[in-house]
**Q** 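Quick one: structure below, then a few questions.
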There are 2 protein chains.
Amino acid sequence: MPTIHAATRTDSGLASQLRVSVVRLARRLRSEREPSNELSIAAIGVLGVLIREGDMTIGQLAAHERVQPPSMTRTVTALVEDGYVERRPSAADGRSVIVALSEKGRETLLADRRRREAWLAQRLKTFTPEERDLLRRATPLIERLATD
Amino acid sequence: MPTIHAATRTDSGLASQLRVSVVRLARRLRSEREPSNELSIAAIGVLGVLIREGDMTIGQLAAHERVQPPSMTRTVTALVEDGYVERRPSAADGRSVIVALSEKGRETLLADRRRREAWLAQRLKTFTPEERDLLRRATPLIERLATD
DNA sequence: TATTGTTATACTCTATAACTATA
DNA sequence: TATAGTTATAGAGTATAACAATA
C-alpha cells in the first residue's frame, strides 16, 4: 500500500485520496457538534442555508436541501415551535411562505459553528507555519471544487 | 465581506473557511452517489469500514460507526440478505459474529467510489498544474487533521 | 388548469429494554 | 456474573397521495 503522498502522484490518485481525506474530515467536524442539541441535522441544514443565502420559501428550501415539500413543512414547523425561525406571508405570492431566521436561530447556529471551528483551530496549532500556509492556499481551491 | 483568501490570513479565519469548504465539498461528493442505489448511507458506511480496516465483529462495527448494537445487527442483516457481506462465527469467542465483505460488496463499493472519484478527477482537470500540485501537497495535511 | 403548501398515512432507520447464549 | 448479539417495541424523519388555497 503506497503512502498518501506517493498515491497522489497521478491525478486519479489525487482525486481518490482527496476524496477520502475530505469526507473523513467532514465527518470528524460533524461529530464535534454539541450532542445535547435539540436541533436535528436537517434543522441545522436549514438554519445554515438561511444564514448563507437569506430568507427563502418552503419550496426553495426543500429544493435546496433535496427533500420533499411535506418534509420541509415539518422541519420548519419544528423550528418555528422552538423559536429558531419565523414564517412570513409572501407579498408577491399568496401561496408561498417565507422562512426567516430569528435572532435565537442566528445565535444558535453561530455558537454551533464556533464550537467546531475552535476544535479545528486547536488542531491547526500542531502544524508548522509552512503547513498552515499550504492549507491557507489550498482552501480556496477546495471551495472551487465544491462550487460548480 | 472579505474574499476567502483574505479571510484565511489569520488562523481562526483559516479554520473557519477550511471548515466551510471541506463540509461543502464532502456534501457535493456525497450527492454524486448513485441515486438508484439500494444501499443505505449506513450500509455504505459499513462497507467502507470493512474495506478499509478488514473484517470486524458487530460490536466493533457499532462502536466504529457510533450506533447501538441492535441498529448494527439490523444493518448487517440487510447487507447479508442482499449479498454484500457474510456472517462468520468467531473462532476466538462463540458469542461474537464476524462480518466480512463478499465479492459483490467489494465490487459495489468500489464502483460507487469510482463514480465519485471520476467526478472529482474531471473537476481537477480545470485546474492548472500548479494548483493541482498544491492540492497534492495539501491532501496529506487534511488527512492528518481528520485522524487524531 | 397549474402551483404552493399542508394533512393523512406508511416506511425506514435508530434507540431502549428485555432476552438468549457464551465467557 | 458479565458480555455479544438478538428480538420486541417505540420514536424520529422522510416519502407518496390527496387536498386546500392561490395564481
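The chains referred to below are lettered A, B, ... by the order of the sequence lines, with proteins before strands, and numbering in each begins at 1. Fair warning: this is a prediction, and the values are worked out from it, not measured in the lab.
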**Q** Does A:T75 reach a base, just sugar-phosphate, or nothing at all? Heavy atoms under 4.0 Å.
**A** sugar-phosphate
**Q** Rounded to the nearest angstrom, tell me the gap between atom CD in A:Q68 and atom C1' in C:dT6.
**A** 14 Å
**Q** Name the closest nucleotide to the B:R74 side chain, picking from C:dT6, D:dG5, C:dT14.
**A** C:dT14
**Q** List the residues meeting salt bridge (charged side-chain N to carboxylate O under 4.0 Å, His left out) with A:R87, not counting sequence neighbours, and say none if there are none.
**A** none
**Q** Got a sec, which residues hit salt bridge (charged side-chain N to carboxylate O under 4.0 Å, His left out) with A:R132, two or more places apart in sequence or on another chain?
**A** B:D11
**Q** Tell me every residue that passes side-chain contact (heavy atoms from CB on, under 4.5 Å) with A:E81, counting only those two or more places apart in sequence or in another chain.
**A** A:T77
**Q** Please enumerate all residues that pass side chain to side chain donor-acceptor pair (under 3.5 Å) together with B:S16, with sequence neighbours excluded.
**A** A:E117
**Q** Taking salt bridge (charged side-chain N to carboxylate O under 4.0 Å, His left out) as the definition, give me every residue that meets it alongside A:D82, ordered by chain and number, with sequence neighbours left out.
**A** none
**Q** Does any pair with a residue in residues 94-103 of chain B pass salt bridge (charged side-chain N to carboxylate O under 4.0 Å, His left out), and if so which ones, sequence neighbours excluded?
**A** B:D93-B:R95
**Q** Please report the distance, rounded to the nearest Å, between CG in B:L79 and C1' in C:dC13.
**A** 13 Å
**Q** Taking only N/O atoms, report every protein-nucleotides 18-23 of chain D pair under 3.5 Å with atom names and distance.
**A**
| residue | atom | partner | partner atom | Å |
| --- | --- | --- | --- | --- |
| D:dA23 | OP1 | A:G94 | N | 2.9 |

**Q** Would you indicate what B:T73 reaches in the nucleic acid, counting non-hydrogen atoms under 4.0 angstrom: base, sugar-phosphate, or nothing?
**A** base
**Q** Using a cut-off of 4.0 Å on non-hydrogen atoms, how would the nucleic acid contact of B:S96 be classed: base, sugar-phosphate, or nothing?
**A** sugar-phosphate
**Q** Return the residues of residues 52-63 of chain B meeting this criterion: a heavy atom under 4.0 Å from some atom of DNA chain C. Order them by number, or give none.
**A** none
**Q** Hey, can you pull the donor-acceptor pairs under 3.5 Å for the side chains in residues 58-66 of chain A, sequence neighbours left out?
**A**
| residue | atom | partner | partner atom | Å |
| --- | --- | --- | --- | --- |
| A:Q60 | OE1 | A:T57 | N | 3.0 |
| A:Q60 | OE1 | A:T57 | OG1 | 3.4 |
| A:H64 | NE2 | A:E53 | OE2 | 3.2 |

